[in-house]
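Just so it is clear, the model here is predicted, and its values are computed rather than measured. As a basis for the values below, the full set of heavy atoms in this structure was taken, side chains included, without hydrogen atoms, waters or symmetry mates. Below, chains carry the letters A, B, ... as their sequence lines are ordered, and counting in each starts from 1.
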Amino acid sequence: MTSPLPTPSPVPFGQEIEFRAALREAIRQEMRANPSVVLIGEEVARYGGAYAVSKGLLEEFGEARVLDTPISEAAIVGTAVGAAMTGLKPIAELMYVDFAYLAMDQIANQAAKIRYMFGGQIGVPMVLRAPMGTGRSGGAQHSQSLEALFWHTPGLRIAIPATVTDCYFLLREAINSPDPVVFLEHKALYVSKGVLEPDAPPMGVAVTRRKGQHLTIVTYSRQLFYCLQAAEELAKEGIEAEVIDLRTLNPLDLETLAQSVRRTGRALIVTEDTLTAGVSAELSALIQEECFDYLEEPVLRLCAEDIPIPVSPPLEAGSVPSPARIAQTARRLVRRAR
Amino acid sequence: MTSPLPTPSPVPFGQEIEFRAALREAIRQEMRANPSVVLIGEEVARYGGAYAVSKGLLEEFGEARVLDTPISEAAIVGTAVGAAMTGLKPIAELMYVDFAYLAMDQIANQAAKIRYMFGGQIGVPMVLRAPMGTGRSGGAQHSQSLEALFWHTPGLRIAIPATVTDCYFLLREAINSPDPVVFLEHKALYVSKGVLEPDAPPMGVAVTRRKGQHLTIVTYSRQLFYCLQAAEELAKEGIEAEVIDLRTLNPLDLETLAQSVRRTGRALIVTEDTLTAGVSAELSALIQEECFDYLEEPVLRLCAEDIPIPVSPPLEAGSVPSPARIAQTARRLVRRAR
Amino acid sequence: MSEIIPEARRLELLRTMLRIRAFEEKVGELFLKGGTAGSMLHLSIGEEGAAAGVALAMKPGDTFTTHHRGHGIFVARGGDVNRMMAEIAGKITGYCRGKGGSMHIADMSLGHLGANAIVGGGIPAVVGAGLSSKTLSQGSVSVAFFGDGAMQQGICFESMNLAALWKLPVVFAVINNQYGMGTRIDRASATLDFAGRARGFGLTALEVDATQPEQVLAAAQELIEHARAGRGAGFIVANCYRFYGHARKDKSPYRDEAEELEGRKRDPILNHKDALVAAGLLSEAGFEEMNGAANLEMDEAVAFAQTSELPGLETMFEDVFDPSIPRPVSVDERLDRVLGGGA
Amino acid sequence: MSEIIPEARRLELLRTMLRIRAFEEKVGELFLKGGTAGSMLHLSIGEEGAAAGVALAMKPGDTFTTHHRGHGIFVARGGDVNRMMAEIAGKITGYCRGKGGSMHIADMSLGHLGANAIVGGGIPAVVGAGLSSKTLSQGSVSVAFFGDGAMQQGICFESMNLAALWKLPVVFAVINNQYGMGTRIDRASATLDFAGRARGFGLTALEVDATQPEQVLAAAQELIEHARAGRGAGFIVANCYRFYGHARKDKSPYRDEAEELEGRKRDPILNHKDALVAAGLLSEAGFEEMNGAANLEMDEAVAFAQTSELPGLETMFEDVFDPSIPRPVSVDERLDRVLGGGA
Ligand SMILES: Cc1ncc(C[n+]2csc(CCOP(=O)(O)OP(=O)(O)O)c2C)c(N)n1
Ligand SMILES: Cc1ncc(C[n+]2csc(CCOP(=O)(O)OP(=O)(O)O)c2C)c(N)n1
Ligand SMILES: [Mg+2]
Ligand SMILES: [Mg+2]
């Protein structure tokens, strides 16, 4: 059924590796550990993935478990759904999360609702991986951040990692999840590097990437690094920002978030999805609900503009948060005179 | 091209008519006024619409302008998009908004983004009508309220009327909009009746349906009536609730909202879409941003539970706000002891 | 053709169709009495030959998905009629604990991967089931049952292409009852040769008269075993007529009288009964007895549904995720957190 | 066949193909120099016969949509190469003011309803354009240009069925370059008879060798006028070979050497040139002159693009809605509202 396994190369813990390599390693380890794990998507096999995430997996696991598909997003997801209900643990890949719109019925009406509609008889243990975000001037149909759609859909879990360590551990956890997990990978991070730590907290645990007492910056995915850069800038001015990386939206670690904001009294939410009715709205509402009596200032949101994403580089870059704008907003929040 | 018009029956202003009749009247008037207006959808012609909205339109305007389609939601919307770019003013109908998931690429990647991607060369003057909401035990795939998806999509305008008068005037305005309008009709309201007033404010103007000074209840569509019922209950207890009907989400009348909350100091948002990352989140965030210094209490949200919608009547009814729960929540908000 | 079908099977075919019709008639009555959950109830009266013919060609372990008109198919696949009826009534004893209703009945123990309220929505799942079968050598075939209306849904063709491309043990079974709601197929489809259309996607395709159930059984058996043998995915279009309205309440004003009367004459049950009587395998009395038993069975199912309890409100938050995962926080719990303390 | 094509048209066909290739080569160079916006640039070298053949069969007023590899088609339809090049470079002087880039060029004045970055995404729009033409008696035909990969997208078939069902003046033009990114069609499609597949949806379908551009022109003309006359929608599959990588940077490691060399020998430009020379309509010198002019034109387009300005940040908020509608409130404006006053 599956091609013979070569002598397993050890996972490169402690070493600096690429974001995409960490994802590849997670898939490889799970495919080695469990013959029912398969990878399905456009160009995932021979091409090795549009962003080279699955390079080498076809060679190791064979065509039966690493499957190139036609350009049929709805069928790719629907096939994964049926496979997940009958014994396989599929990892379906969309070449860009923008294409989820072609498969939304299978994602939101089927995968997310099957366990519930059928009274808990069965789950859909699948992972839907997709690149998201701006940074390559891909334009309005290749640069979106659609995590809010998935978060608004009961039945879906959402992982949205920023670090190589989270890529590795969260993806392994996602593959073993009894319910569908949408796994969102920022395309601008694929070639970023980081040290693969030997361990990471599970889904549902936010990580405070930087401690601080003047304000709490809540973010995830690529914007985490922009926020950390901004925090360094702010530190030089004596403003200590606490930076929280959510890592997963469902489950959400509301407690870590709330505790921090209760302490700092100020919250700035930074996301790359368009502002209106986006992830930042829910986070703002939750923080306000949880920390109302502790808030010194309004909860602020710095997100993508409410526009389709333009191709021209200066416009694309200008349409999403940048370290400079994050720092400036934080300054205004902390120094606000009433 | 178009069948000869019969002597136009006058619009029944001042009379009590059904919600669906008001929609029908709006379509009829626009089709009479403009030969380029066409109605496209499943069962809209001979059947007269699954909810009888378009009854009689085929007879008056003929098959060239009232078109039954195959069960091809993506193509229905895509056809409307192309038609809107080439001279027609299509009104496309989805039998249930849940099916928008099958057409999301055409809605969100095409209709919403075309004007922008093409640098303003052309717009997509179409209306996408769809029934939404619970009340008929239609189950998880026939009862959703997906307005947040559309609101999160730059380029779309959203009308979500509660009254027959708004059905009539907002739909007429939508048909004449130079940009795509998603027009959401609560299926539990189709046979509700109301007096068709001779005039109504345009899109982007919220209407205060009830004045009050103790709290502001923000809502739209069917929940407006639940909120008004709750307000009557509360009035008996001396609690005067101001009830605001948003009518449209894009454009949103933030001013009316903010002014009311600044006055009452308390806000309760009531929607029928699932709570997390839903419309209520954006409204809560906006109110908090606009009224921070005036809020006496946290902004509250009473919405649909974060679950797929169950079929069994008691579960379905219990999963969305009811007049009693709205009243109880308002009481707690007003009487909250710190 | 019937030669190749053993007598017992031929009688089983009849019994199955009678049970389907009895189920649909009884659930229809229950609907009119307000005893079912929801405003939509789609009956398969007139389509029993298609449902029974394909279903009886399947083997234990085979899987399938159905559509919004799927009661009959599941009855034919051995569904527990009590739990079906209870589900349609929205009771806790139903297959889905009252959460799914008529359009979402499923039973993993019998390979029923679920009915679907999205036209075409359940089709790609059989491609996935076929992939599981092939990859894990399960030996099973997966069958997608859907109506002629789904033949205009894009997902149908994406699924066909994939099943054929990967030579999966999958069969697509179209129950062509000539209508999609109020629209006759010739007003929905530019061509009516569905088998030809399916061949264009690499499927082995057969068209049969579903009012002659043995034809359906024979053709389905051929395609299913062909697929099981790894020789390629199949497609069967079973032609019949939707005897009554789209939903129980629909009086089909859009169909002409004469056509309906003609259509209802094409009765798979009577056709098959006549064949069995002619073959000396069945007597009028035997038929009545079989029919009486079927109706009695369904009366009991209705009674079971009626005497069952409605689900408790607390069950609403169950089954969203696996039990190992915390259930969603309710709106009331959230309010308690924000406002402090209970109501 | 060529008999029916007047000499001027035959020369026009060659000039058009030369202009397409020159455009693609120049924009490819610009890309390598980092002069274009975005990481993706899809060139149509080797497909000139398909683009020019169908495009020249269209009339003024006809409309069309293209795909991610649509430069050549629009050059053939008379696109302003300066504005095209500027758009691909993300400049304010581009067709879409730099907002669309290579995959979203459009020009309403020339009937170009837009390129599309969603495979299959632009197909249904021509059904709508066909509906407008029919309903408003515009006399125009609408053509959807797309690749073989889109033949596995559901929307493609929904659109075909609708266009055929309604007998709309629509033609679907598939540029079959044998590959979808790194996947050869036989690994993506269960059947390769695309024309047959299209007939299954009621379309009049023709398959042509796009390396023989006059065949394409003749077939396209036939289908387009057939559709214009209200006799039904058409489908043409133009077979050719993608000479180079999927995107400018892709070296196609997944294709074998020999196949590529063979494929590149099937050059529509050289084939047509030889035909014209053989027919005594063209001399080597004439060809060189034509080619030189084409390259000069494209050099100027590149210069135009390079000397044009990038859009100003404020333009970001324009074009979301009609000018009569207020533009979206920017994030900074919101922050100013909340925090009071400017930064
Ligand atoms: C995606 C989608 N579109 C529309 C509907 C509404 N609808 C329910 S059944 C039906 C007709 C289906 O016809 P067919 O597939 O032939 O099945 P039949 O009802 O004839 O059994 C329609 C349009 C739906 N449930 N799902
Ligand atoms: C819906 C969608 N899926 C996947 C992609 C990524 N993608 C871009 S081009 C392409 C290959 C398309 O092949 P084909 O249609 O034959 O056109 P060609 O590139 O050969 O011109 C793919 C998979 C996309 N842009 N849109
Ligand atoms: Mg049917
Ligand atoms: Mg191709």
Side-chain angles (χ1 to χ4, degrees), chain B residues 42-43 45-48 50 68-75 95-96 98-99 101-102 135-143 187 268 274-276 297-321 325 328-329 331-333 335-338, chain C residues 36-40 87-92 94 96-104 116-121 147 149-155 180-183 185 187-190 246 253-254 310-313 315-320 327-332 334-336 338-340 343:
Chain B
E42 294 158 13
E43 308 296 335
R46 294 199 193 177
Y47 199 96
D68 277 330
T69 69
I71 306 169
S72 309
E73 282 75 13
M95 202 177 286
Y96 289 85
D98 310 65
F99 310 157
Y101 281 133
L102 290 148
R136 297 172 58 86
S137 285
Q141 298 172 335
H142 277 64
S143 311
K187 62 175 74 72
L268 168 60
T274 52
L275 187 140
T276 296
E297 299 290 348
V299 178
L300 297 187
R301 298 185 284 165
L302 187 59
C303 313
E305 302 291 349
D306 283 327
I307 61 174
I309 296 146
V311 159
S312 194
L315 299 190
E316 184 198 37
S319 72
V320 298
R325 288 177 64 208
Q328 178 56 9
T329 307
R331 258 179 225 113
R332 293 176 67 184
L333 178 60
R335 306 226 177 100
R336 180 187 182 210
R338 299 283 248 314
Chain C
T36 63
S39 48
M40 290 166 275
E87 185 56 39
I88 297 168
K91 300 300 181 74
I92 191 71
C96 311
R97 313 179 68 212
K99 289 183 168 122
S102 164
M103 297 195 287
H104 299 295
N116 215 299
I118 298 296
V119 167
M151 284 296 291
Q152 326 309 331
Q153 276 290 26
I155 187 63
M181 237 169 132
T183 305
I185 47 173
R187 290 183 55 239
S189 184
H246 166 66
Y254 43 81
L310 284 165
L313 269 186
T315 64
M316 176 173 26
F317 301 98
E318 299 163 1
D319 308 323
V320 178
R327 61 172 191 62
V329 180
S330 75
V331 169
D332 288 342
R334 289 168 180 278
L335 290 170
D336 290 348
V338 179
L339 295 168

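Chain C forms the most heavy-atom pairs under 4.5 Å with one residue out of B:Pro314, B:Pro321, B:Gly139, B:Pro313, and that residue is B:Pro314. Contact tally against chain B (heavy-atom pairs below 4.5 Å) for C:Leu310, C:Val119, C:Thr183, C:Ile118: the top residue is C:Ile118. Of the listed residues (B:Leu300, B:Leu102, B:Asp98, B:Thr329), the one with the most heavy-atom contacts under 4.5 Å to chain C is B:Leu300. In terms of heavy-atom pairs under 4.5 angstrom with chain C, the leader among B:Gly138, B:Ala317, B:Ser312 is B:Ser312. Most heavy-atom pairs under 4.5 Å with chain C: of the set B:Glu73, B:Arg136, B:Glu43, B:His142, this distinction falls to B:Glu43. Taking C:Ile92, C:Asp319, C:Leu313, C:Thr36 one by one and counting their heavy-atom pairs under 4.5 Å with chain B, the maximum is reached by C:Leu313. If you tally non-hydrogen atom pairs under 4.5 Å between each of C:Met181, C:His104, C:Arg334 and chain B, the highest count goes to C:Met181.
With a 4.5 Å cut-off on non-hydrogen atoms, B:Arg331 does not touch chain C at all. In this structure, chain C has a heavy atom under 4.5 Å from the side chain of B:Tyr96, while its backbone stays farther away. For a residue to count as touching a neighbouring chain, one of its non-hydrogen atoms must lie under 4.5 Å from one of that chain's; by this rule B:Leu275 touches chain C with the side chain only. Contact annotation for C:Met316: both backbone and side-chain heavy atoms come within less than 4.5 Å of a heavy atom of chain B. Heavy atoms of B:Ala75 lying under 4.5 Å from chain C are absent altogether.
A salt bridge is defined here as a Lys NZ or Arg NE, NH1 or NH2 lying under 4.0 Å from an Asp or Glu carboxylate O, and C:Arg327 with B:Asp306 fails to meet this definition. The pair C:Arg97-C:Glu87 fails the salt-bridge criterion, with no side-chain N (NZ, NE, NH1 or NH2) lying under 4.0 Å from an Asp/Glu carboxylate O. B:Arg325 has a carboxylate O that lies under 4.0 Å from a charged side-chain N of C:Asp332, or vice versa, which qualifies the two as a salt bridge.
Checked against side chain to side chain contact (heavy atoms under 4.5 Å, CB included), C:Val320 has the following partners two or more places apart in sequence or in another chain: A:Tyr116, B:Ile307, B:Pro308, C:Pro328. Remark: B:Ala45 pairs with B:Leu58, B:Val66, B:Asp68 by the side chain to side chain contact (heavy atoms under 4.5 Å, CB included) rule, at least two apart or across chains.
A heavy-atom distance below 4.5 Å is found between the side chains of C:Gln152 and C:Ser189.
For B:Glu316 (side chain) and B:Ser137 (main-chain N/O), a donor-acceptor pair under 3.5 Å exists by modelled atom type. Of the possible donor and acceptor atoms, none in the side chain of B:Glu42 sits under 3.5 Å from a partner among the backbone N and O of B:Thr69.
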